[in-house]
Amino acid sequence: MCGLVGVVTSADVGVCIYDTLTVLQHRGQDAAGIMTCDNGKLNLRKDNGLIKDVFRNRHMRRLTGQMGIGHVRYPTAGSSSPALAQPFYVNSPYGLALAHNGNLTNTSELSRDLYKEDLRHINTDSDSEVLLNIFAHELQRRGKMEPTPDDLFAAVAGVHSRCRGGFAAVVMITGYGILGMRDRNGIRPLVFGSRENKGRKEYMIASESVALDSQGFTIERDVAPGEAVYVDIQGNLHTKLCTEPGIHTPCIFEHVYFARPDTLMDKISVYKARMRMGENLAEKLKKIRPDHDIDVVIPIPDTSRTSALELANRLGLKFREGFVKNRYIGRTFIMPGQSMRRKSVRQKLNAIELEFKGKNVLLVDDSIVRGTTCKQIIQMARDAGAKRVYFASAAPAIRFPNVYGIDMPAASELIAAGKTDGEVQEAIGADWLIYQDLDDLIAAAADGNPDIGQFECSVFNGEYVTGDVDEVYLKRLENMRSDDAKSTKKSSQAKQHDLVADLHNEA
């Protein structure tokens, strides 16, 4: 899951993109990058790290131009290295730069075709670079000295004919404009908006509506599934549906965890969806535990706070902030590597003992993925003096891998895979455990927009909307992208680095 933005304005865009990326930092903390275009000259800064660490004053002074794109990276496919920071760039045709959110499910096939048929070289194992080269090849086939909007839309149609999976992307065409595109099922989010500046319309395309809000842009609408949105350098807007759209199935995990609560996504308020998750979970708890002895409801900050508060209100229970969060530690779920996740939990949270001592507490989290975090938090509650520790998840049990851009590639790393709820309860050390029902989760989101009748829920039900995911694919994905595989690859890269250094020293 990554965050992206593209802006066309009448003034330098560097600071605008920087400020926007800070608002999208929750979507990726591994790497960040900005590329701007100034009268045909491209300016780029990207590296591993948070926004505040990647960009210094000296970098910002160079990021001039009236249009640009930005990206915050969260590693899914591929490893974590500066070479994988985005935007990616190819010089032909025109000079193209891309920022991408999501994951392609046929990357291996596309990489082979790019090499053998399109005669293009791929330098990393990132599907984002594959997506960029597919678009570049399809655009080059048009053979135009200057691309028209129709040429760009035809290239996007070519992308849809070849690429499968869930993706949203912004592409900057040097000297011409910025294009945004969204997969045919609308799995990954993308929204665009405008603002007036001295009589001229300026446009932004971004992952979440909160990005537009932060810079004074008014939301026009979400990019439709299969649609492309193009803003030329003069500030003219062009849109076209570039493929026959599939069933609109936005990712429900955006509402559970990834998106900011102040975001509107496909016209659904994330905040209101999380409130309804809490309401529905409270109703379930009343049915199965009418004689509960809960003294206090405590959220695990930050994503679960909205659901936990509504749950407490519905049950007539005290709501208390029992954990203090260290704001300078990244989101634990997107930490690369299990050992780093374990280490970061205790650094991230500290219990307020007086809220736990002698009480039966209900801890509420947005979801349980690997179980690493909640197991440690339950033990922290016991260490703080809780009599009994109950645990509620605002999402159903996660039992299946994700293939559309969320770092859940291996079922073996998911605590609920192949286990009953009782077995998960025992594994995390809770006195009892309650999960949200999938129908209730879907209803919580769907109530915000009745036009969306289906959501991408594969991590809960194992149903993959693109129809090209089977056991063979999932096994191959696990072998490539599990924590063990990433650790082995990282070790191999470190050894290669040491070997090169030794040879250099000998020389």
Side-chain angles (χ1 to χ4, degrees), residues 4-6 8 69 96 98-106 110 128 130-132 134-142 144 147-173 176-194 201 203-209 212 217-232 234-251 254 264-268 404-405 446 449-456 465-468:
L4 53 84
V5 59
V8 178
I69 61 176
L96 303 174
L98 172 140
H100 167 225
N101 172 32
N103 193 59
L104 303 182
T105 55
N106 60 334
L110 293 171
S128 303
V130 170
L131 181 62
L132 172 58
I134 293 289
F135 178 79
H137 178 76
E138 294 298 323
L139 186 56
Q140 195 156 26
R141 290 176 58 190
R142 306 291 293 177
K144 298 285 188 68
T148 65
D150 286 341
D151 294 324
L152 297 171
F153 294 144
V156 174
V159 168
H160 284 296
S161 70
R162 299 177 66 177
C163 298
R164 299 192 299 270
F167 61 89
V170 288
V171 182
M172 182 165 64
I173 303 95
Y176 293 101
I178 289 177
L179 177 139
M181 56 180 164
R182 191 178 185 189
D183 65 81
R184 64 190 301 270
N185 294 109
I187 298 172
R188 299 271 65 88
L190 198 64
V191 65
F192 71 97
S194 63
K201 253 194 173 182
Y203 285 92
M204 176 183 286
I205 306 169
S207 296
E208 295 188 27
S209 65
L212 280 66
F217 286 83
T218 300
I219 300 169
E220 299 268 346
R221 59 180 174 83
D222 294 277
V223 177
E227 185 183 30
V229 173
Y230 174 56
V231 182
D232 63 35
Q234 287 79 33
N236 300 307
L237 176 69
H238 313 265
T239 66
K240 186 174 182 180
L241 197 63
C242 297
T243 186
E244 186 68 29
I247 300 172
H248 190 184
T249 51
C251 175
E254 292 277 359
L264 281 173
M265 199 162 276
D266 293 302
K267 299 180 183 177
I268 300 169
Y404 301 124
N449 183 356
D451 292 336
I452 299 177
Q454 189 171 322
F455 288 85
E456 202 292 301
V465 66
T466 52
D468 58 340

Review point. Does the side chain of V8 reach to within under 4.5 Å of the side chain of Y230, using non-hydrogen atoms?
Key: no
Review point. Taking S194 for the side chain and K201 for the main chain, is one N or O donor matched with an acceptor at less than 3.5 Å?
Key: no
Check your understanding: Do the side-chain N and O atoms of H100 and S128 include a donor-acceptor pair separated by under 3.5 angstrom?
Key -> yes
**Study point:** Validation row: E244, H160 side chains within 4.5 angstrom (heavy atoms)
**Key:** no
Point to revise | Short side-chain to backbone donor-acceptor contact, R182 and V223, under 3.5 Å | key: yes
Review point. Is the side chain of Y203 donor-acceptor paired with the backbone N or O of I178 at a distance under 3.5 Å, no angle test?
Key: no
Check your understanding: Can you tell me if CZ on R221 sees more than 12 non-hydrogen neighbours from other groups inside 6.0 Å?
Key -> yes
Revision key, fill the gap. With sequence neighbours left out, the residues meeting salt bridge (charged side-chain N to carboxylate O under 4.0 Å, His left out) with R184 are none
**Study point:** Any donor-acceptor N/O pair, N185 side chain to I247 backbone, under 3.5 Å
**Key:** yes
Study note, to complete from the structure: Contacts of D183 meeting salt bridge (charged side-chain N to carboxylate O under 4.0 Å, His left out) (sequence neighbours excluded), chain-then-number -> none
Point to revise | Test applied, side chain to side chain contact (heavy atoms under 4.5 Å, CB included); reference residue, F167; option that passes from N101, V159, N103 | key: V159
Point to revise | Partners meeting salt bridge (charged side-chain N to carboxylate O under 4.0 Å, His left out) with E208 (sequence neighbours left out) | key: R27
Review point. With distance as the sole criterion, is a donor-acceptor pair present between the side chains of D468 and T105 under 3.5 Å?
Key: yes
Point to revise | Within-4.5 Å side-chain heavy-atom neighbours: M204 and V5 | key: yes
Exercise for review: Dump the intermediate steps for side-chain contact (heavy atoms from CB on, under 4.5 Å) on L96 and F135, then the final yes or no.
Suggested key: CA-CA 9 Å; L96 303 174; F135 178 79; 3.9 Å; yes
Review point. Taking D222 for the side chain and D266 for the main chain, is one N or O donor matched with an acceptor at less than 3.5 Å?
Key: yes
Review point. Between N449 and M265, is there a donor-acceptor pair closer than 3.5 Å when you use the side chain of the first and the backbone of the second?
Key: no
